[in-house]
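Following: one structure in structure tokens, then a few remarks.
Excluded from the calculations below are hydrogen atoms, water molecules and symmetry mates; all remaining heavy atoms, backbone and side chain alike, are included.
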Amino acid sequence: MQHRLRPGPLLDARGRLAEAGWASAEARRYDRDAVAAPSWRIKEWDYYCVLTPDYGLALTVADNSYMGLLGVSWLDFRGRCECTENVMLPFPMGRMGLPASADDGDVVVDRRKMRIAFRHVDGGRVLSIDHPGFDGGRGLRGELHLTQPPMDRMVIATPFPKDYKAFYYNQKINCMPASGEITVGTETFDFDPETAFGVFDWGRGVWTYDNVWYWGSASGVVDDRTFGFNIGYGFGDTSAASENMVFVNGVAHKLDRVTFHLPEGTFDGAPWKFSSNDGRFEMTFEPIIDRAASTDLKVLRSIQHQVFGRFTGHVVLDDGSRVEVTDLLGFAEEVRNRW
């Protein structure tokens, strides 16, 4: 079943998810003040990942109530390496001011060690980063402009069956052409909108304590058309709708179930495979970089493997046409959290 969301508030009068399902636009309105769960359980984040064939940048601003995070990752696909640095902020409890909409409101966080801004402009978004201490003092700074023409996106509202106060409201906007420059140390890297594409991951919700999720995403050009996809599962009760969707020239094509087949004993030493219950999404994935992170404080634990690489295979669109994909740059991840 793939239930499409109707417009309205995300939460009902009791602070619970009013409707579970998917949409191709921001159908439901999030309101932090309407959440029924204790404020320290609310999690809010904005994440951007912009990739070129040779390098990429990922930026995170997260307000997880009892812990905030500013994150920056620089990805070098030629050298098959990456550098990720985070600044932790104790007990922000909503004071970071992350917007209630993916389409309105800016994010500006200025700390002594890192400054990040996500701003809306006509026709797109501007990402700014200044981290003087990045990579042992090399420094990383710059600005990218993401063009956002009228286009569909992945929107999903997911409940958790064992906790009626918990919910996951998520939006993914793929295939945003990127332009600008990022300077790392003394070297400046250009982002060309013909070959550089960004994805925006916007999430708001209340989670249960112990979770595992799988997420995959890619954006680029296939057969002279903008092409991308969002795939994933494992997080909450997705019986009303999955988060699997393909985008061609800004038009969404809804998929049912996609399964990740990870290689045994490794995340980046062998290809991954992906299959769907209806044969509409079949891919292999050749890893390049495993952006791994592990925090284990017993009560709080996060084990992350975000693997960047290239997808090859095919998808079948809503009209039955088949799109062949070869070496499309993207990522796939497994994340295990207790928090």
Side-chain angles (χ1 to χ4, degrees), residues 23-27 29-30 44-62 70-75 96-110 114-131 140-156 169-184 188-204 217-222 224-230 245-252 328-331:
S24 57
E26 189 179 277
R29 300 188 304 275
Y30 169 75
E44 302 174 337
W45 71 91
D46 286 16
Y47 169 82
Y48 288 89
C49 183
V50 187
L51 304 181
T52 79
D54 295 326
Y55 41 83
L57 177 74
L59 300 173
T60 304
V61 175
L70 306 180
V72 56
S73 296
W74 181 252
L75 306 152
M96 294 174 71
L98 271 65
S101 169
D103 295 323
D104 186 39
D106 295 337
V107 175
V108 180
V109 185
D110 189 343
M114 192 184 302
R115 292 176 288 277
I116 294 179
F118 305 148
R119 292 186 172 90
H120 291 269
V121 296
D122 289 342
R125 303 158 187 265
V126 174
L127 316 181
S128 303
I129 173 67
D130 185 10
H131 182 14
L140 184 150
R141 66 187 186 278
E143 186 172 279
L144 298 180
H145 183 282
L146 303 186
T147 302
Q148 187 180 345
M151 58 183 179
D152 293 337
R153 68 186 69 173
M154 193 290 299
V155 180
I156 192 166
Y169 188 42
N170 186 228
Q171 303 185 49
K172 304 286 197 334
I173 304 177
N174 286 69
C175 302
M176 291 187 286
S179 60
E181 295 180 345
I182 297 294
T183 299
V184 183
T188 297
F189 299 86
D190 292 322
F191 285 70
D192 182 342
E194 296 294 321
T195 57
F197 294 90
V199 61
F200 177 36
D201 172 18
W202 182 95
R204 306 291 185 265
S217 178
S219 297
V221 176
V222 175
D224 296 323
R225 299 180 291 179
T226 58
F227 176 91
F229 58 79
N230 185 85
M245 198 176 289
V246 174
F247 306 95
V248 180
N249 277 349
V251 177
L328 180 66
L329 184 64
F331 58 83

Exercise. Would one find more than 12 heavy atoms of other residues, nucleotides or ligands at under 6.0 Å from atom CZ of Arg115?
Worked result: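 Result for CZ/Arg115: enclosed.
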Exercise. More than 12 foreign heavy atoms under 6.0 Å from CG of Asp104: is that the case here?
Worked result: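 Atom CG in Asp104 is not crowded, with 12 or fewer foreign heavy atoms closer than 6.0 Å.
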Exercise. Would a distance-only check, ignoring hydrogens and angles, find a side-chain to backbone donor-acceptor pair under 3.5 Å from His120 to Gly105?
Worked result: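 Answer holds: yes.
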Exercise. Can you list the residues that meet the side chain to side chain donor-acceptor pair (under 3.5 Å) rule with Arg153, with sequence neighbours excluded?
Worked result: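 For Arg153 the side chain to side chain donor-acceptor pair (under 3.5 Å) partners, ignoring immediate neighbours, are Asp103, Gln171.
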Problem set entry | Which residues share a side chain to side chain donor-acceptor pair (under 3.5 Å) with Thr52, sequence neighbours left out |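 In terms of side chain to side chain donor-acceptor pair (under 3.5 Å), with neighbours along the sequence ignored, Thr52 is linked to no residue.
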Problem set entry | side-chain hydrogen bond (donor to acceptor under 3.5 Å, both in side chains) assessment of Ser128 paired with Glu143 | CA-CA 4 Å; Ser128 303; Glu143 186 172 279; 3.2 Å; yes
Exercise. Can we say Arg204 and Asp46 salt-bridge, meaning some charged N sits less than 4.0 Å from an Asp/Glu carboxylate O?
Worked result: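 Asp46 and Arg204: salt-bridged.
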For this session: Write down the atom of Leu51, the atom of Gly56, and the distance for their closest heavy-atom approach.
Result: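 Looking at all heavy atoms of both residues, the closest pair is CD2-CA, 4.1 Å.
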Exercise. Taking all non-hydrogen atoms of both residues, which atom of Leu328 and which atom of Gly220 are closest, and how far apart?
Worked result: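 For Leu328 and Gly220, the tightest heavy-atom pair comes out as CD1-CA, 4.0 Å.
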Exercise. Between Trp202 and Tyr47, does the ring centre distance come in under 6.0 Å?
Worked result: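 No, the ring of Trp202 stays outside the 6.0 Å limit from the ring of Tyr47, centre to centre.
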For this session: Assert yes or no for the condition that the ring centre distance of Tyr169 to Tyr30 is strictly below 6.0 Å.
Result: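 Ring centroids of Tyr169 and Tyr30 are no less than 6.0 Å from each other.
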Exercise. For Arg125 and Leu144, what are the C-alpha separation, side-chain angles and deciding distance, and is it a side chain to side chain contact (heavy atoms under 4.5 Å, CB included)?
Worked result: CA-CA 8 Å; Arg125 303 158 187 265; Leu144 298 180; over 6 Å; no
For this session: For the pair Phe200 and Tyr48, name the ring-plane relationship: parallel under 30°, tilted 30 to 60°, perpendicular over 60°.
Result: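 Parallel, since the angle between the ring planes stays under 30°.
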Exercise. With a 4.5 Å limit on heavy-atom distance, are the side chains of Val221 and Phe227 in contact?
Worked result: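 Sidechains of Phe227 and Val221: no contact.
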For this session: Take Asn174 and Ser219 through the test side-chain hydrogen bond (donor to acceptor under 3.5 Å, both in side chains) and record every step on the way to the result.
Result: CA-CA 6 Å; Asn174 286 69; Ser219 297; 3.3 Å; yes
